[in-house]
Q: 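Before I ask anything, let me first share the structure, which is written out below as structure tokens.
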Amino acid sequence: RKRAVCRRRGEDAGAAGGAGPGAGRAQRPARRRRRSPPAGGGEPPAEHRALVLTGFGGYDKVKVQARRGAEPRPGEVSVTVRACGLNFADLMARQGLYDRLPPPPVCPGMECAGTVRALGDGVRDRQVGDKVMVLARSGLWQEVVNVPASHTFPMPEGMSFEEAAALLVNYITAYMILFDFGNLRPNQSVLIHMAAGGVGTAAIQLCKTVENVTIFGTASASKHESLKEGGVAHPIDYRTMDYAEEVRKISPKGVDIVLDPLGGSDTSKAFNLLKPMGKLITYGVANLLTGQKKNLMAMAKTWWNQFSITALQLLHQNKAVCGYHLGYMDEEVELLRSVVAKLVNLYSQGKIKPKIDSVWPFDQVAEAMKQMQEKKNVGKVILVPEAPKEESKKAEN
């Protein structure tokens with residue numbers, strides 16, 4: 001009988017983890033051996049459930065499988081996972097379009113939240129029982145994960161596990177785009193695409209921490225009321241309107257900052273919408289996703305229409321173009337830690353609060369991915385190891 005377990009590679013996490021390159025990869029189980037209790041406390045690891053990407057393709061390629069745990073290695077903590085975040089990159093990874101995920105079989109998942117159950121040797125800044133948020137390249141969609149202690153962040157007082165699983169990827173991305181690249185200041189204007197999604201809702205909340213920022217947000221018409229309540233001055237239905245024309249009607253000179261997760265021809269439109277000294281930050285290629293499986297025609301169209309500009313053209317335009325990819329920031333531990341500290345402070349002040357769209361048990365991961373890929377979500381889609389009390393229903397904020 002075959003059972004998927006994670007392979008240890010160099011400094012990557014073991015069978016219960018996944019924080020480095022190659023994290024979460026599976027192989028044939030090794031011969032069982034006796035295990036002593038972890039030095040840092042907690043019960044000896046047992047078999048646990050994990051979501052495994054068995055191959056590239058549709059929703060059915062992600063399956064629940066059993067895995068054998070392992071003690072945390074030096075510098076690691078073992079975490080009992082209570083909630084996991086689903087991100088757009090996970091949808092792209094399922095289709096083989098995300099280069100930061102090792103080849104299948106592999107456990108996806110870039111963020112989760114839970115309780116520290118055991119400590120590896122040398123860990124001094126975490127204790128058994130600590131509630132933590134976890135950020136990794138992959139491997140976190142499991143009931144138990146072993147990760148470097150440096151990839152964990154204490155949860156602020158009063159935060160739920162679902163909120164904690166919704167904070168790191170979306171809010172770090174939105175914060176660094178708006179403030180580090182965008183240099184957002186009072187009285188400026190911002191265009192946010194996919195404004196009802198995870199990064200979109202995070203960006204809207206962060207914009208509201210700056211005085212008199214005008215927000216344009218694209219989303220389907222059914223989500224406009226929610227966007228207005230959140231602070232979007234000008235919701236635009238991208239399905240029935242040319243959003244560039246709609247922005248120009250309200251702001252003829254354009255906007256100061258555009259957040260572009262779309263790619264293709266939309267990046268060119270975004271650049272043309274910038275005011276002088278405006279900034280375009282591209283952070284995704286969502287236009288590649290048109291269905292459950294990889295669409296070669298959509299890929300060809302997106303790449304053919306991909307925006308390109310020379311340094312000399314930028315010089316004449318008085319505009320900036322920036323690229324952001326959190327998946328390539330995993331070695332920047334101190335930089336990310338400083339951003340998370342600012343976000344935790346904003347949460348504690350009540351200025352930001354992750355918006356949860358829905359909560360799904362591991363067994364319904366296909367429905368959770370469909371919810372996001374069909375763009376039905378308003379806020380974050382969350383996965384939990386066990387079925388919530390009101391399965392798959394809107395979570396209360």
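Residues take their numbers from the sequence shown, with the count starting at 1.
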Q: How long is the straight-line distance from CG of L259 back to CG of L178, given to the nearest 0.5 Å?
A: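 Separation between the atoms: 5.0 Å.
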Q: Are any side-chain N or O atoms of W141 and backbone N or O atoms of E111, one a donor and one an acceptor, separated by less than 3.5 Å?
A: no
Q: Determine yes or no for a side-chain-to-main-chain donor-acceptor pair under 3.5 angstrom, with R94 supplying the side chain and G57 the backbone.
A: yes
Q: Does the ring center of F179 lie less than 6.0 Å from the ring center of Y175?
A: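 Yes; Y175 has its ring centre under 6.0 Å from that of F179.
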Q: Judged by atom type as modelled, is there a donor-acceptor pair below 3.5 Å linking the side chain of D260 to the main-chain atoms of G263?
A: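 Here the side-chain-to-backbone pair exists.
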Q: Using a strict 4.0 Å threshold on nitrogen-to-oxygen distance, state whether E332 and R337 make a salt bridge.
A: no
Q: What do the steps show when you test Q142 against H48 for side-chain hydrogen bond (donor to acceptor under 3.5 Å, both in side chains), and what is the final call?
A: CA-CA 8 Å; Q142 307 187 61; H48 65 267; 2.9 Å; yes
Q: Determine, step by step, whether K370 and E367 satisfy the salt bridge (charged side-chain N to carboxylate O under 4.0 Å, His left out) criterion, reporting the C-alpha distance in whole Å, the side-chain angles of both residues, the deciding distance to 0.1 Å, and the verdict.
A: CA-CA 5 Å; K370 185 176 181 181; E367 288 84 351; over 6 Å; no
Q: What are the two closest non-hydrogen atoms of A219 and H224, and how far apart are they?
A: O-NE2, 3.0 Å
Q: When rounded to the nearest 0.5 angstrom, what is the spacing between CD in Q127 and CG in L119?
A: 6.5 Å
Q: Quick one: does F153's side chain get under 4.5 Å of V344's, heavy atoms only?
A: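 Side chain of F153 against side chain of V344, heavy atoms only: no contact under 4.5 Å found.
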Q: Can you measure from CG (L326) to CE (M176) and round to the nearest 0.5 angstrom?
A: 8.0 Å
Q: Quick one: does D357's side chain have a donor or acceptor within less than 3.5 Å of a partner on V378's backbone?
A: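 It does hold such a pair.
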Q: Hydrophobic clustering (ILVMFWY, side-chain heavy atoms < 4.5 Å, transitive) - are L335 and L206 grouped together?
A: yes
Q: Apply the test side-chain hydrogen bond (donor to acceptor under 3.5 Å, both in side chains) to residues N187 and E211: give CA-CA distance (whole Å), side-chain angles for both, the deciding distance (0.1 Å), then the verdict.
A: CA-CA 7 Å; N187 305 313; E211 185 181 0; over 6 Å; no
Q: For R248, is there an ion pair with E245 - N to carboxylate O distance below 4.0 angstrom?
A: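 No salt bridge links E245 with R248.
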Q: Do any pairs count as a side-chain hydrogen bond (donor to acceptor under 3.5 Å, both in side chains) and have a residue in residues 311-328, sequence neighbours left out, and if so which ones?
A: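 Residue pairs passing side-chain hydrogen bond (donor to acceptor under 3.5 Å, both in side chains), neighbours aside: D99-Y328, T310-Q313.
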Q: In terms of side-chain geometry, is the basic nitrogen of D242 or K269 positioned less than 4.0 Å from the acidic oxygen of its partner?
A: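 Salt bridge flag = yes for K269 with D242.
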Q: Taking M92's backbone N and O only, do any of them form a donor-acceptor pair with Q95's side chain (distance below 3.5 Å, no angle check)?
A: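 Not confirmed, Q95 side chain does not pair with M92 backbone.
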Q: State, with a plain yes or no, whether a side-chain heavy atom of Y171 is found less than 4.5 Å away from one of I352.
A: yes
Q: Quick one: are R126 and T152 in side-chain contact, heavy atoms under 4.5 Å?
A: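 Side chain of R126 against side chain of T152, heavy atoms only: contact under 4.5 Å found.
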Q: In Å and rounded to the nearest 0.5 Å, what is the CG to CG distance from D125 to D130?
A: 9.0 Å
Q: Within the side chain of N272, is there an N or O that forms a donor-acceptor pair under 3.5 Å with the backbone of S268?
A: yes
Q: For the backbone of T214 and the side chain of S189, can you confirm whether one donor and one acceptor N or O come within less than 3.5 Å of each other?
A: no
Q: Check whether any side-chain N or O of T201 sits under 3.5 Å from a backbone N or O of K355 as a donor-acceptor pair, and report yes or no.
A: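 Looks like no, no N/O pair under 3.5 Å.
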Q: Check whether H234 reaches the backbone of I215 with its side chain - one donor and one acceptor, N or O, closer than 3.5 Å.
A: no
Q: Of the non-hydrogen atoms in L336 and L135, which two are nearest, and what is the gap between them?
A: CD1-CD2, 4.0 Å
Q: Using every non-hydrogen atom in the two residues, find where F216 and S251 come nearest and quote the distance to one decimal.
A: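 The pair with the smallest heavy-atom distance is CZ-CB, 4.1 Å.
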Q: If the threshold is 4.0 Å, N to carboxylate O, is there a salt bridge linking R49 and D363?
A: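 Answer for the salt bridge query: yes.
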Q: Is any side-chain heavy atom of T115 less than 4.5 Å from a side-chain heavy atom of V132?
A: no
Q: For T240 and D237, run side-chain hydrogen bond (donor to acceptor under 3.5 Å, both in side chains): C-alpha distance rounded to whole Å, both residues' side-chain angles, the deciding distance at 0.1 Å, then the answer.
A: CA-CA 6 Å; T240 61; D237 185 357; 3.1 Å; yes
Q: Let me see the working for K380 and N87 under side-chain hydrogen bond (donor to acceptor under 3.5 Å, both in side chains), right down to the final yes or no.
A: CA-CA 8 Å; K380 188 77 168 186; N87 291 288; 2.7 Å; yes
Q: Of all the heavy-atom pairs spanning V145 and C112, show the shortest one and how long it is.
A: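 Between these two residues, the closest heavy atoms are CG2-SG, 4.3 Å.
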Q: Drop me the distance from K375's NZ to S220's OG, to the nearest 0.5 angstrom.
A: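 Rounded to the nearest 0.5 Å, the NZ-OG separation comes to 9.0 Å.
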Q: Run the numbers on R67 and E47 for salt bridge (charged side-chain N to carboxylate O under 4.0 Å, His left out), then give the verdict.
A: CA-CA 5 Å; R67 288 191 165 184; E47 204 170 69; over 6 Å; no
Q: Answer with yes or no whether the side chains of S78 and R117 bring together a donor and an acceptor at under 3.5 Å.
A: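 A donor-acceptor contact under 3.5 Å links the two side chains.
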Q: Flag yes if Y238 and V247 sit in one hydrophobic cluster, no otherwise; membership is Ile, Leu, Val, Met, Phe, Trp, Tyr, and two members link when side-chain heavy atoms are under 4.5 Å apart.
A: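 Not linked; separate clusters.
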Q: Between the main-chain N or O of M194 and the side-chain N or O of T218, is there a donor-acceptor pair closer than 3.5 Å?
A: yes
Q: Within a strict 4.5 Å, meaning less than it, do heavy atoms of the E386 and E143 side chains meet?
A: yes
Q: For a quick test of reading the model, state the closest non-hydrogen atom pair linking I382 to E162 and the distance between them.
A: CD1-O, 3.5 Å
Q: With ring centroids as reference points, do Y243 and H193 lie under 6.0 angstrom apart?
A: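 Centroid separation for Y243 and H193: below 6.0 Å.
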Q: Looking at every heavy atom in both R185 and V213, which two are closest together, and how far apart are they?
A: O-CG2, 4.0 Å
Q: Give, for atom CZ of F88 and atom CD of Q373, the distance between the pair rounded to the nearest 0.5 Å.
A: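 The CZ atom of F88 sits 6.5 Å away from the CD atom of Q373.
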Q: Take R100 and D330, measure what salt bridge (charged side-chain N to carboxylate O under 4.0 Å, His left out) needs, and give me the verdict at the end.
A: CA-CA 11 Å; R100 301 302 280 168; D330 51 349; 3.7 Å; yes
